[in-house]
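Okay, so here's the structure we're looking at.
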Amino acid sequence: MTKVNWIWSIALVAAFLPFRGHSAPPPSPQPSEVVDLPAERFTGQVMYVIGSTLMRDYTVAIMDRLMKNAKLPPAIIINKGSTRGIETFCSGTGLNTPDIVALSRRLRSTELENCRAHGVTDIIEILIGYEAAGIVSRRDDQDYPLTLVSMYNAIAEELPRDVNDFVPNSNKRWRDVDPDLPNTDIRMIIPVQSLGGRGFMEDRMLQGACRKILEIKTIFGAEDRVKQCIALRKDGRIIELDTPYDRNVVQSLATSPLGTLAIIPLRFATEHQEFLKIQSLEGVVPNHETVSNREYQFTRPLYFLIKKAHIKNYRRKGLVAGLREFITEVTRESTVGPSGYLAKLGVFSADSEVRDEVREASLRLRVINR
Amino acid sequence: MIVHHHAIPYWILAVLLIMKSVWAINPPVAAAIHPPAISPIPPITEEQDLPVDLVDERPTSVDLVWNYSTRTVGWVWGTLRDNVFSWLIPPTPASLTSSVSKKDANQLFKLLGDAGYKLKEIYTDVGIIPGLSFKFGQVRELSEADYEYLESLVIDWERLNPGVYASLQRKIIKTVIAVNQSGDYQVATLTVKLLPLPDVAFSMTPKQVFLGEESSTLMRAIQRVERSIRAIGNKDKGKEPLKETRKD
């Protein structure tokens, strides 16, 4: 081979190198928070999952299946919450960034923009179902036909008398709030501020109620309105419990007077119906059907987001092994269906139509387009 | 060959004969064209008291035919105007505003309400090319929970209404969300024009604005007055003044 031919050969190889799979990812900035990752991660054989604490059990269950069936090594699972998880996920692409983020809410438009700004342009979004909270009482208590507004009027610190005029909440009995409610003392058990369930309650229940109360709705500033909306009464009628929250609720309810209500994960409530009575909200009794079709309002969606740039292609060329298997596993009917193993852990599956849509889009590696 | 240049055409004679026979057969029909006057009949003058010739009655018979003809043409024109050409006639402001009270428009208004915007003004231009636009003003900022709620509403709406018009409306909502959530600007007013061509104008203002000296003084004065009024109000109601926790 002549000297000229050698030069051409080298030039051709150099020209095609960047197009071999994902072997040369675009330069990415450092993650917003440095995490010490094990050396195995940088071999591309270990998946890296970050995100919501609530999603931990579901992620572990899926990874266990993958370890058993697909012979994959254990994944790195870090729980930092949805918001911090998405920040790290969107910090860029590469082995030093997560492959998957688990969210207990939908990805916000601003977060998607932030991802795109950092080069994370192609994201596959997989809905695995919903999580719901229930309002429960003691088994021997009466029925409480609650609404969001009646709940708010029972537990808020101040109630509106007029626009820009709030007075301390003087309601003492449930009947003071709504004549259809029992004549028992108002008492409510809720999670402490540090637990994720508290934020869920504030976002979905309290702010949901405030959207229906004109005097609060007319407060212009979001910060001022939310502050007014989520302030709870401090006269001893609100009992805040810490972890293990679910067990503490059952113990506390057993010794509490009638009229004490508690907010707990619906899964836990349905498992302990011998002690607990699940109350309706806005005329809807929470169950699998009303949560799946989103008729029941006290729910939140659960998602996995996956970086497409990290997935190995059909020729097995790419950054991280196992992501294709993960997507397949997380869309199986035996995983996310009504009788799937995630349902046994507390996930309420989506409608069959929605599941089919999600499965089709995910298996085709269709990315978020909004 | 004999040519009768001055002969009366046969068809004119035929028409006259028909008119005469109509009058002869059915005089009430002809009389009905000239109903009796309600006022007292004036005395007959000498000129009027002339022998009546049927020729003088011809115009009445012609009137009969004319009236039937014009009535027919009027009916045809009215039908055409009401059913075919009505879209060419400029609408009234009332018909324009009522035309938007449809499901899609209501849904857009509801979503804009959830997005913190309220209808402030309606503009109508009445003319050959009518104009119709709605101006929305921001009445509240949204919290993160509000944005999530709004996005879930948009997704639900997207699934239920996949049409082009609904898609355009969703774009409006998504643009408002995107602008308000990112950056230092917010959509202060939103003008949605439906006629003659769909068009949306976003008026954006900075979220944080430093007031000028004059405006700042005015604002402080307003706040002082409001605090005083509130204190007086609370005193009258026999309770302690509320804490100053919220900005107004």
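By convention in this document, chain letters (A, B, ...) are assigned in the order of the sequence lines, proteins followed by strands, and residues within each chain are numbered from 1. Since the model is a prediction, treat every value here as computed from it, not as a measurement.
Heavy atoms of A:Leu107 lying under 4.5 Å from chain B belong exclusively to its backbone. Contacts of A:Glu357 with chain B are made by side-chain atoms alone, with heavy-atom separations under 4.5 Å and no backbone atom involved. With a 4.5 angstrom heavy-atom cutoff, A:Glu353 touches chain B only via side-chain atoms. Heavy-atom distances place the side chain of A:Arg204, and not its backbone, under 4.5 Å from chain B. In this structure, chain A has heavy atoms under 4.5 Å from both the backbone and the side chain of B:Asp146.
Atom NZ of B:Lys193 is surrounded by 12 or fewer heavy atoms from other residues, nucleotides or ligands within 6.0 Å.
Distance check: A:Leu112 CG to B:Gln181 CD gives 11.0 Å after rounding to the nearest 0.5 Å. A:Ile216 contributes atom CD1, which lies 12.0 Å from atom CZ of B:Arg140 (distance to the nearest 0.5 angstrom).
Looking only at heavy-atom pairs under 4.5 Å with chain B, the residue among A:Glu113, A:Arg300, A:Arg211 that has the most is A:Arg211.
Nearest heavy atom pair, residue A:Arg225 against residue B:Leu142, reads NH2-CA, 3.7 Å. In terms of heavy atoms, B:Ser152 sits closest to A:Arg294 at CB-NH2, 3.5 Å. B:Ser143 and A:Gln207 make their closest contact through OG-OE1, 2.7 Å (heavy atoms, listed as atom of the first residue, atom of the second, distance).
The pair B:Glu148-A:Arg108 meets the salt-bridge criterion, since a charged nitrogen lies less than 4.0 angstrom from a carboxylate oxygen.
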